[in-house]
Visitor: 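Encoded as structure tokens, here's the structure I'll be asking about.
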Amino acid sequence: MDPAAEIWEKVKSLMAAEMTATTLNTWFDDTQAVSLEENRFVLYSPTRFKRDIIATRYVTPIQNALHELFSADLQVTVLTEGEEKKPKTGLFLPGTEEYTFDRFVVGSSNKFAHAAARKVAENPGLSYNPLFIYGESGLGKTHLLYSIAHTIHSDNPDYKIIYVKGDAFTNELISAIREGRTQEFRDKYRRADVFLMDDVQFIAGRDSTQEEMFHTFNTLYELKKQIVFTSDRPPKEMLRLEDRLKTRFEWGLLADIIPPDYETRTAIIKNKAIRMGMELPDYIIQLIAETITANVRQIEGTVNKIMAYQDLNGDKVDKNTVIRAVKDIFKEKSDILPTADVIIEEVCKFYNLESSLLRGQGRSKDISLARQIAMYQIRRMTNLSLKEIGAEFGGRDHSTVLSALNRIEDLVKTDPEKAEIIKDITTNINSRYE
């Protein structure tokens, strides 16, 4: 294990004496150590929301734990996506230890995908190559991806396992081209023994990224290296994906995951409660399973909430506790509205543009379209008025904004590819608050 990662594990162990398991799991389950410098410890959290919470509430406990380890005062810096010095994208990193096959609850909704993933993990490069797992967010695709990685790493510790998200692959390629490191980028991915890409749908419509993926795929496939993709839709529904990639993605095995049935939801709740050291009455388990039906992440979040009420407030677990927890889970999501800055940032990231171009007076076709999409997303996802939206873009008047909204609404109805772009940008914006 990397030295910084080892230190982070020790820090979390020390903090466990002062915090509940719920707190540690909620805020630090996917936080990773980047580096330990002379007087600074650098961490990386994948979402800005979590990064901000850690930076405002938990830096002091982390510093205290570091002082206990080193008898010295260290600064703590928490970075997130898009900021410098984050962990190198693509490297299989610690911090995902709980995502194993043993902890994946199998039911009729995911049995096929689970069986395929296990087969791949036991015989990398020999069974179902590539494996393509698809389904809506929050159903366990990433869990299976990490489970494959852990199993292969355990059986073959010398294998080079590469994990990367689709949008991160694109961003890394852009940086490599800009800095003249294209060959280094290619060597990194084409020398992998196992290549795992999460959310591959985000490479669709990006010409340079798809070109690199095509050649990377061919190289790995010819060398019989294992390839696994996850996506929120099957290849044939990726309208902006090149046909040559659609064909290759379908060469192996397609496995879908659908929302869990009642029995599986019940098993997930029991499994989660046991792992948290909490015993839930059967009627409470049934109530949760009957209330939350479509998302494993929300089911587990509800159990986490109940545990927090019990630990922090001493609340008795009863029907009212469950109702309160469920309401909080949905309230948390619905109450968090993205800012105009976040939406503009995500639109710019999607189109590889500087935000100043969208806010400025540029009238090129690409800039105008991106600007109109940003206006459309702000109108849909925030409470800003037309006048306030115009102010975000150099003081444009409300009629200009209204014209942009009408144009994008028409495109969404008549142009399936533009509708897919809107969906992808929306997903990226929402992921900032997960």
Side-chain angles (χ1 to χ4, degrees), residues 30 32 44-51 79-93 96 132-138 141-142 145-146 162-179 181-182 185-186 188-189 192 195-214 216-217 227-233 235 237-242 245 249 338 341-355 358 366 370 373-374 377 381 417-418 420-434:
D30 50 7
Q32 300 158 0
Y44 171 76
S45 183
T47 70
R48 290 181 181 274
F49 177 67
K50 280 192 174 182
R51 188 277 308 273
L79 306 176
T80 190
E81 185 66 33
E83 297 178 339
E84 63 178 358
K85 299 192 72 171
K86 68 180 181 181
K88 294 181 180 178
T89 303
L91 295 178
F92 181 62
L93 296 168
T96 61
F132 194 104
I133 304 171
Y134 67 93
E136 293 296 327
S137 176
K141 300 187 302 295
T142 301
L145 211 57
Y146 283 140
I162 295 287
Y163 167 86
V164 66
K165 294 177 72 68
D167 57 344
F169 185 83
T170 296
N171 294 336
E172 190 175 349
L173 174 60
I174 292 169
S175 296
I177 293 172
R178 185 185 302 126
E179 298 167 10
R181 296 184 293 101
T182 307
F185 173 89
R186 291 169 179 166
K188 171 182 174 180
Y189 289 104
F195 177 76
L196 311 170
M197 178 173 280
D198 218 352
D199 292 326
V200 70
Q201 72 269 13
F202 289 123
I203 74 167
R206 302 176 183 276
D207 293 342
S208 296
T209 304
Q210 291 186 98
E211 181 72 19
E212 287 298 327
M213 174 55 67
F214 175 76
T216 296
F217 183 100
I227 304 167
V228 185
F229 297 111
T230 72
S231 174
D232 65 352
R233 70 203 81 159
E237 293 182 12
M238 296 183 194
L239 304 181
R240 295 175 297 120
L241 187 69
E242 293 178 358
L245 284 177
F249 289 176
D341 287 341
V342 166
I343 293 172
I344 292 171
E345 182 180 333
E346 287 300 332
V347 172
C348 288
K349 186 186 298 183
F350 188 90
Y351 282 102
N352 193 27
L353 297 169
E354 296 293 333
S355 61
L358 256 65
D366 289 345
I373 288 176
Q377 294 288 61
M381 305 183 76
E417 291 192 11
K418 292 296 187 296
E420 189 175 27
I421 288 172
I422 297 294
K423 178 179 178 181
D424 287 345
I425 293 174
T426 301
T427 299
N428 285 341
I429 293 169
N430 288 333
S431 69
R432 298 274 290 265
Y433 298 94
E434 290 183 351

Visitor: For a 4.5 angstrom cut-off between non-hydrogen side-chain atoms, does Met238 reach Val200?
Guide: yes
Visitor: Please walk me through it: do Leu196 and Ile162 pass side chain to side chain contact (heavy atoms under 4.5 Å, CB included)?
Guide: CA-CA 6 Å; Leu196 311 170; Ile162 295 287; over 6 Å; no
Visitor: Would you indicate whether the side-chain heavy atoms of Ser231 and Glu237 approach each other to under 4.5 Å?
Guide: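 No, too far: nothing below the 4.5 Å cut-off.
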Visitor: Tell me, please, which residues at least two apart from Tyr134 pass ring pair (Phe, Tyr, Trp, His ring centres under 6.0 Å).
Guide: none
Visitor: What residues form a salt bridge (charged side-chain N to carboxylate O under 4.0 Å, His left out) with Asp199, not counting sequence neighbours?
Guide: Lys165
Visitor: Which residues pass the ring pair (Phe, Tyr, Trp, His ring centres under 6.0 Å) test with Phe350, not counting sequence neighbours?
Guide: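 Counting only residues at least two positions away or on another chain, Phe350 forms no ring pair (Phe, Tyr, Trp, His ring centres under 6.0 Å).
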Visitor: Please report the C-alpha distance between Lys141 and Asp232 in whole Å, then the side-chain angles of each, then the deciding distance to 0.1 Å, and finally whether the salt bridge (Lys or Arg N to Asp or Glu O under 4.0 Å) criterion is met.
Guide: CA-CA 9 Å; Lys141 300 187 302 295; Asp232 65 352; over 6 Å; no
Visitor: Please enumerate all residues that pass side-chain contact (heavy atoms from CB on, under 4.5 Å) together with Glu354, with sequence neighbours excluded.
Guide: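 Listed in chain order: Ser356, Leu357.
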Visitor: So, using salt bridge (charged side-chain N to carboxylate O under 4.0 Å, His left out) as the criterion, who are the partners of Glu211 when residues are at least two apart?
Guide: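 Testing Glu211 for salt bridge (charged side-chain N to carboxylate O under 4.0 Å, His left out), a comparison that skips the adjacent residues, returns Arg244.
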Visitor: Looking at every heavy atom in both Leu241 and Pro235, which two are closest together, and how far apart are they?
Guide: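 Residues Leu241 and Pro235, closest heavy atoms: CD2-O, 4.5 Å.
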Visitor: Excluding sequence neighbours, so at least two apart, what forms salt bridge (charged side-chain N to carboxylate O under 4.0 Å, His left out) with Asp366?
Guide: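 Per chain and number, Asp366 pairs via salt bridge (charged side-chain N to carboxylate O under 4.0 Å, His left out) with no residue.
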Visitor: Mind checking what makes side-chain contact (heavy atoms from CB on, under 4.5 Å) contact with Thr426, not counting sequence neighbours?
Guide: Gln377, Arg380, Met381, Ile422, Asn430
Visitor: Rounded to the nearest 0.5 Å, what separation is found between the CG atom of Asn171 and the CG atom of Asn352?
Guide: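 So the gap between those two atoms works out to 8.0 Å.
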Visitor: Are Val164 and Phe195 close enough that some pair of their side-chain heavy atoms sits under 4.5 Å apart?
Guide: yes
Visitor: So, taking the atom named CD in Glu212 and the one named OG1 in Thr182, what distance separates them when rounded to the nearest 0.5 Å?
Guide: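 Between atom CD of Glu212 and atom OG1 of Thr182 there are 7.0 Å.
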Visitor: Who passes side-chain hydrogen bond (donor to acceptor under 3.5 Å, both in side chains) against Ser45, sequence neighbours left out?
Guide: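 Ser45 satisfies side-chain hydrogen bond (donor to acceptor under 3.5 Å, both in side chains) with no residue once adjacent residues are dropped.
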Visitor: State the OG1-CD distance between Thr427 and Glu346, to the nearest 0.5 angstrom.
Guide: 10.5 Å
Visitor: Output all residues satisfying salt bridge (charged side-chain N to carboxylate O under 4.0 Å, His left out) with Arg206, sequence neighbours left out; order by chain, then residue number.
Guide: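 For Arg206, no residue satisfies salt bridge (charged side-chain N to carboxylate O under 4.0 Å, His left out) once neighbours in sequence are set aside.
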Visitor: Could you list the residues that satisfy ring pair (Phe, Tyr, Trp, His ring centres under 6.0 Å) with Phe249, not counting sequence neighbours?
Guide: Phe132, Phe229
Visitor: If I take atom OG1 from residue Thr209 and atom CD1 from residue Ile203, how far apart are they, to the nearest 0.5 angstrom?
Guide: 7.0 Å
Visitor: Considering residues at least two apart in sequence or located in another chain, which fulfil the ring pair (Phe, Tyr, Trp, His ring centres under 6.0 Å) criterion with Tyr351?
Guide: none
Visitor: For a 4.5 angstrom cut-off between non-hydrogen side-chain atoms, does Glu345 reach Asp341?
Guide: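 No. Closest side-chain heavy atoms not under 4.5 Å.
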Visitor: Quick one: are Arg186 and Thr216 in side-chain contact, heavy atoms under 4.5 Å?
Guide: no
Visitor: Output, in order, the C-alpha distance, side-chain angles, deciding distance and verdict of side chain to side chain contact (heavy atoms under 4.5 Å, CB included) for Met197 and Thr230.
Guide: CA-CA 6 Å; Met197 178 173 280; Thr230 72; over 6 Å; no
Visitor: Taking all heavy atoms of Leu239 and all of Glu417, pick out the closest pair and write down the distance.
Guide: O-OE2, 3.6 Å
Visitor: Determine the minimum heavy-atom distance between Cys348 and Ser355, stating which atoms define it.
Guide: SG-CA, 3.4 Å
Visitor: Tell me every residue that passes side-chain hydrogen bond (donor to acceptor under 3.5 Å, both in side chains) with Asp424, counting only those two or more places apart in sequence or in another chain.
Guide: Arg233, Arg240
Visitor: Do Phe169 and Phe202 have their ring centres less than 6.0 Å from each other?
Guide: no
Visitor: Mind listing the closest non-hydrogen atom pair of Ala374 and Leu358 along with its distance?
Guide: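 Scanning both residues completely, I find the closest heavy atoms to be CB-CD2, 4.0 Å.
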Visitor: At what distance, to the nearest 0.5 angstrom, does OG of Ser208 lie from CG of Leu173?
Guide: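 Spacing of OG (Ser208) from CG (Leu173) equals 6.0 Å.
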Visitor: Which value, rounded to the nearest 0.5 Å, describes the distance between Lys349 atom NZ and Ile429 atom CD1?
Guide: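 The distance works out to 10.5 Å.
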